[in-house]
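The basis for the numbers below is simple: all heavy atoms, side chains too, and nothing from hydrogens, waters or symmetry mates.
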Amino acid sequence: MHLIPTFAGQKENNVMKKATTVWAILALVAISCTQERVNVNRLVENYAQVTIPAPDLTGITDNGKEVLKLYRMAADEVDKIYWQQYFGPKEEFLSSLSTEAERQYASINYGPWDRIDGKAFLKGYGPKPAGAGFYPADMTEAEYTAFNAPDKQSPYTLVVRDGDALKTVWYHDAYAQFIAKIEGYLHRAADVTIKESVRHYLLHLIEGLKTDDYYESNKAWLEMNDSKMDLVLGPIEAVDDGLYGTKASYGAYVLLKNLQRSEELNALSARMPEYQKMLPGDAANHNFVPGAESDIFSCNVLYCSGYTNAGYKVIGINFPYDAKAQEELGTRTIIFDNIIREKFNRTVHPVGSALLEEIHQPHVDASAFYWLIVFREIAKGLGVKETVNGKGTVAEALGNEALALEKAKSNVLGAWLCAHEAEAYNISALFQKEDVLTTFVTNTIRSTRFGAADPTGIANIVVYNYLLESKAIVWNPSGRYSIDYDKTWQALETLGAKILDIQAHGDIEAAHASLAKYGVAGPESLSDKRVLENAGIPVDIRFTYE
């Protein structure tokens with residue numbers, strides 16, 4: 001469904017009225033259709049409910065506590081923007097549903113389409129538009145190609161109908177009513193905070209929200225390293241743009257740092273140039289030099305909203321995504337301690353017990369899982385950002401294939417680096433290379449359950465299928481997997497080098513071919529899915545808050 005945004009202070013035109021009428025008709029259709037209630041109940045159970053407890057705010061001043069409240073209020077407005085971007089009005093839609101299970105699963109997915117398989121789980125809805133709400137649902141490729149607006153590929157514009165023509169609308173105009181409220185909360189937080197670095201960041205973030213230019217706020221965020229609290233807010237990642245892979249979705253994280261663990265992790269930041277040189281394959285394919293401001297923080301997630309709350313939950317981030325900012329300023333890796341712990345206990349370890357041969361099960365290790373996530377996020381800041389043959393950035397050259405390959409690259413090279421560091425005893429935690437590889441394989445098998453509805457799911461299926469093809473893992477008649485550690489190590493190195501080569505040369509044909517070959521779930525994955533469903537092992541987690 002494409003909803004044309006309503007501008008603050010502007011009356012609806014006829015096109016907007018038509019869009020509203022279409023929404024009303026679809027809502028009525030949804031109400032009138034018979035829902036598959038039992039199936040939806042089962043779908044909700046795929047997401048284990050995790051309660052995020054009230055944080056321990058020992059050492060946080062009253063001013064700091066007020067800032068946290070304001071961060072959460074701003075994040076709630078972000079959630080409203082994301083509903084508009086992905087589907088449409090939240091309350092009107094949810095109130096049209098007849099059961100609590102339907103409302104719960106619609107809230108998890110931010111609409112009527114299951115993020116695992118991409119299909120509608122409610123009757124009365126057709127396929128999800130590939131471009132979500134970023135483009136007109138009836139826009140043709142030829143029409144878009146002929147549309148010559150200079151900002152049509154900006155991550156921060158919508159493409160909308162203007163009569164029979166197309167036009168672009170900047171996010172700050174399209175979502176002005178929500179952004180005005182966010183700005184108010186952030187201004188108040190900037191007035192309340194006693195940390196000058198926080199105030200500096202918030203004021204630049206406000207300016208970014210007003211202008212859709214986030215370079216200065218990215219810089220201020222990377223420089224803000226003396227606060228125990230953190231806020232990530234704004235248009236974040238282009239996962240939902242299945243047409244051209246450019247439009248960014250709004251999301252927000254409210255975070256509380258683990259300062260002691262962050263100090264340990266930050267020792268890795270200085271080694272990012274070294275890790276970059278270590279990457280496999282042709283050195284010319286990874287000659288990007290990470291910015292000097294890169295750092296790593298360990299945090300607990302206190303609250304998330306919008307894209308960051310939709311479907312399965314990520315367990316670490318590496319921001320900013322902008323290639324210019326990464327090269328000039330660096331990146332910040334944030335590891336979500338509480339989410340990693342919950343995911344391992346509820347999904348990763350049970351999958352290992354259900355699907356690995358017994359000889360491998362003792363190697364599914366919580367510490368190895370944590371460090372795999374650390375190095376996966378580090379790997380996001382490594383590799384290549386600009387093509388080596390003048391095709392522009394990797395994202396520009398590979399279009400909507402770019403993000404799936406980037407996620408596969410980060411998974412593979414993160415595991416490769418982690419195993420290397422474990423073998424060299426460069427990690428203080430007590431685990432071995434075999435623990436890293438076993439835990440990585442287990443998490444990859446688990447993550448194929450995310451489906452192929454978005455780049456994250458596709459990336460996991462690609463890695464899984466490559467491991468199968470390489471005989472690194474073998475699916476036995478028992479329904480359990482054997483792991484060849486030498487072949488797994490080699491497969492990670494080989495696949496990582498192949499992806500870097502595709503990215504460096506902006507080889508869209510090779511990208512298409514690789515994703516077509518490896519990005520489809522096979523019979524082994526489907527069998528695993530049935531086993532895990534019968535065992536009652538959830539696909540992922542969902543949050544409630546104290």
Peer 1: When you check the side-chain N and O atoms of N46 and Y105, is any donor under 3.5 Å from an acceptor?
Peer 2: no

Peer 1: Nearest 0.5 Å please: distance from the CZ atom of F93 over to the OG atom of S107.
Peer 2: 8.5 Å

Peer 1: About how many Å separate CE of M139 and CZ of F134, when rounded to the nearest 0.5 Å?
Peer 2: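 Nearest 0.5 Å value for the CZ-CE distance: 12.5 Å.
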
Peer 1: Looking only at atom types and distance, does a side-chain atom of E377 sit under 3.5 Å from a main-chain N or O of I317, one as donor and one as acceptor?
Peer 2: yes

Peer 1: Of all the heavy-atom pairs spanning I461 and G519, show the shortest one and how long it is.
Peer 2: CG2-C, 3.7 Å

Peer 1: side-chain contact (heavy atoms from CB on, under 4.5 Å) between S305 and Y82: does it pass, once the steps are laid out?
Peer 2: CA-CA 9 Å; S305 68; Y82 183 65; over 6 Å; no

Peer 1: Test F369 against every option in F344, F440, F375 by the ring-ring contact (aromatic ring centres under 6.0 Å, His included) rule and name the one that passes.
Peer 2: F344

Peer 1: Calculate, to the nearest 0.5 Å, the distance between atoms OG1 and CD belonging to T544 and Q49 respectively.
Peer 2: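 Here the interatomic distance stands at 4.5 Å.
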
Peer 1: Tell me whether S95 contacts the main-chain N or O of E92 through its side chain, where contact means a donor paired with an acceptor under 3.5 Å.
Peer 2: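 Yes, the answer is positive, given that a donor and an acceptor are paired below the 3.5 Å cut-off.
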
Peer 1: Are the side chain of N318 and the backbone of I378 linked by a donor-acceptor contact shorter than 3.5 Å?
Peer 2: no

Peer 1: Looking at side-chain heavy atoms only, is the closest gap between I206 and K210 below 4.5 Å?
Peer 2: yes

Peer 1: Has the side chain of T448 got a donor or acceptor atom that lies under 3.5 Å from a matching backbone atom of I445?
Peer 2: yes

Peer 1: Is the backbone N or O of Q503 less than 3.5 Å from a side-chain atom of D507, with the two atoms forming a donor-acceptor pair by type?
Peer 2: no

Peer 1: For L68 and V254, what are the C-alpha separation, side-chain angles and deciding distance, and is it a side-chain contact (heavy atoms from CB on, under 4.5 Å)?
Peer 2: CA-CA 8 Å; L68 278 177; V254 180; 3.8 Å; yes

Peer 1: Kindly compute the distance separating OG (S298) from CD1 (I335), expressed to the nearest 0.5 Å.
Peer 2: 8.0 Å

Peer 1: Please determine if D540 and R346 form a salt bridge, counting it only when a charged side-chain N lies under 4.0 Å from a carboxylate O.
Peer 2: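 R346 and D540: not salt-bridged.
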
Peer 1: Fit a plane to each ring of F543 and Y545, take the angle between them on a 0 to 90° scale, and name the class: parallel (under 30°), tilted (30 to 60°) or perpendicular (over 60°).
Peer 2: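 Answer is perpendicular, since the angle exceeds 60°.
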
Peer 1: E207 and T211: side-chain hydrogen bond (donor to acceptor under 3.5 Å, both in side chains), yes or no, with the steps?
Peer 2: CA-CA 6 Å; E207 192 62 26; T211 63; 5.0 Å; no

Peer 1: Give the intermediate values and the outcome of salt bridge (charged side-chain N to carboxylate O under 4.0 Å, His left out) for residues R161 and D138.
Peer 2: CA-CA 10 Å; R161 291 242 173 254; D138 60 349; 3.2 Å; yes

Peer 1: Judged by atom type as modelled, is there a donor-acceptor pair below 3.5 Å linking the side chain of R542 to the main-chain atoms of G311?
Peer 2: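 A pair under 3.5 Å: no.
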
Peer 1: What is the minimum heavy-atom distance between T308 and G251, and which atoms define it?
Peer 2: CG2-CA, 4.0 Å

Peer 1: Please state whether the rings of W170 and H172 are parallel, tilted or perpendicular, taking 30° and 60° as the class boundaries.
Peer 2: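 Judged by the thresholds at 30° and 60°, the geometry between W170 and H172 is parallel.
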
Peer 1: Looking at side-chain heavy atoms only, is the closest gap between Y175 and K80 below 4.5 Å?
Peer 2: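 Y175 does not reach K80 side chain to side chain.
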
Peer 1: Parallel under 30°, tilted from 30 to 60°, perpendicular over 60°: which one fits the rings of Y312 and F450?
Peer 2: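 Because their plane-to-plane angle is under 30°, the rings of Y312 and F450 count as parallel.
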
Peer 1: Test K529 against E524 for salt bridge (charged side-chain N to carboxylate O under 4.0 Å, His left out), laying out the working first.
Peer 2: CA-CA 9 Å; K529 181 180 178 181; E524 298 89 352; over 6 Å; no

Peer 1: At what distance, to the nearest 0.5 angstrom, does CZ of F178 lie from CG of L209?
Peer 2: 14.0 Å

Peer 1: Taking C-beta and beyond as the side chain, do K343 and K313 meet within less than 4.5 Å on heavy atoms?
Peer 2: yes

Peer 1: Could you go through D337 and Y370, starting from their C-alpha distance and side-chain angles, then the distance that decides it, and tell me whether this counts as side-chain contact (heavy atoms from CB on, under 4.5 Å)?
Peer 2: CA-CA 8 Å; D337 288 12; Y370 181 86; 3.3 Å; yes

Peer 1: Which distance, rounded to the nearest 0.5 Å, do you find between the CG of N465 and the OG1 of T444?
Peer 2: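 Nearest 0.5 Å value for the CG-OG1 distance: 11.0 Å.
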
Peer 1: Check whether K119 reaches the backbone of W113 with its side chain - one donor and one acceptor, N or O, closer than 3.5 Å.
Peer 2: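 No, the answer is negative, given that no donor and acceptor are paired below the 3.5 Å cut-off.
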
Peer 1: Quickly, which of Y71, W221, Y253 forms a side-chain hydrogen bond (donor to acceptor under 3.5 Å, both in side chains) with D230? Name it, please.
Peer 2: W221

Peer 1: So, T442 side chain and G352 main chain: donor-acceptor pair closer than 3.5 Å or not?
Peer 2: no

Peer 1: Got S249 and I236 here, is their nearest side-chain heavy-atom distance under 4.5 Å?
Peer 2: no

Peer 1: Can you find a side-chain donor-acceptor pair between E141 and T145 that sits under 3.5 Å?
Peer 2: no

Peer 1: Compute both the distance and the angle, then confirm whether R72 meets the cation-pi test with Y303: under 6.0 Å from the six-membered ring centre, within 45 degrees of the axis.
Peer 2: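 Pair R72/Y303 counts as cation-pi.
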
Peer 1: Please tell me if the side chains of Q153 and Y144 come closer than 4.5 Å, counting only heavy atoms from C-beta onward.
Peer 2: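 Side chain of Q153 against side chain of Y144, heavy atoms only: contact under 4.5 Å found.
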
Peer 1: Donor-acceptor pair, distance only, cut-off 3.5 Å: does the side chain of D114 make one with the backbone of F121?
Peer 2: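 Answer holds: no.
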
Peer 1: May I ask you to check whether Y244 and Y135 place their ring centers less than 6.0 Å from one another?
Peer 2: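 Yes.
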
Peer 1: With sequence neighbours left out, what residues match K181 under side chain to side chain contact (heavy atoms under 4.5 Å, CB included)?
Peer 2: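 Testing K181 for side chain to side chain contact (heavy atoms under 4.5 Å, CB included), a comparison that skips the adjacent residues, returns E77, Y185.
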
Peer 1: What heavy-atom pair brings C304 and N309 nearest, and what distance separates the two atoms?
Peer 2: SG-OD1, 3.6 Å

Peer 1: Below 4.5 Å, heavy atoms only, C-beta onward: do N411 and V462 meet side chain to side chain?
Peer 2: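 SC-SC contact between N411 and V462 ruled out.
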
Peer 1: Would you indicate whether K152, at its atom NZ, is surrounded by more than 12 heavy atoms from other residues, nucleotides or ligands within a distance under 6.0 Å?
Peer 2: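 More than 12 within 6.0 Å, yes.
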
Peer 1: Between N443 and R446, is a side-chain hydrogen bond (donor to acceptor under 3.5 Å, both in side chains) present by the stated rule, with each step listed?
Peer 2: CA-CA 5 Å; N443 191 48; R446 172 192 81 90; 2.8 Å; yes

Peer 1: Could you tell me if the side chain of Y110 sits less than 4.5 Å from the side chain of K90, heavy atoms only?
Peer 2: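 A side-chain contact is absent here, since even the closest heavy-atom pair is not under 4.5 Å.
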
Peer 1: Verify side-chain hydrogen bond (donor to acceptor under 3.5 Å, both in side chains) between Y307 and E237, making sure each step is shown before the conclusion.
Peer 2: CA-CA 8 Å; Y307 162 73; E237 194 170 2; 3.2 Å; yes

Peer 1: What verdict does the side-chain contact (heavy atoms from CB on, under 4.5 Å) test give for L233 and I182, after you've listed the backbone C-alpha separation in whole Å, the side-chain angles of each residue and the deciding distance to 0.1 Å?
Peer 2: CA-CA 10 Å; L233 183 150; I182 295 171; 4.1 Å; yes

Peer 1: Side chain to side chain contact (heavy atoms under 4.5 Å, CB included) with A397: which residues, sequence neighbours excluded?
Peer 2: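 Here the qualifying residues are T387, K391.
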
Peer 1: Keeping the roles fixed (side chain from Y201, backbone from L231), state whether a donor-acceptor pair exists under 3.5 Å.
Peer 2: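 Answer holds: yes.
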
Peer 1: Any chance you could lay out the salt bridge (charged side-chain N to carboxylate O under 4.0 Å, His left out) test for K409 and E406, step after step, and finish with the verdict?
Peer 2: CA-CA 5 Å; K409 178 217 79 175; E406 176 62 22; 2.8 Å; yes

Peer 1: With heavy-atom distances below 4.5 Å as the criterion, would you say the side chains of R341 and N338 are in contact?
Peer 2: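 Yes, at least one pair of side-chain atoms sits under 4.5 Å.
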
Peer 1: Can you check whether Y171 and Y250 have ring centres sitting under 6.0 Å from each other?
Peer 2: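 Ring centres of Y250 and Y171 closer than 6.0 Å.
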
Peer 1: What residue pairs, at least two apart or across chains, pass salt bridge (charged side-chain N to carboxylate O under 4.0 Å, His left out) with a residue in residues 240-256?
Peer 2: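 Passing the test, one end in residues 240-256: R115-D240.
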
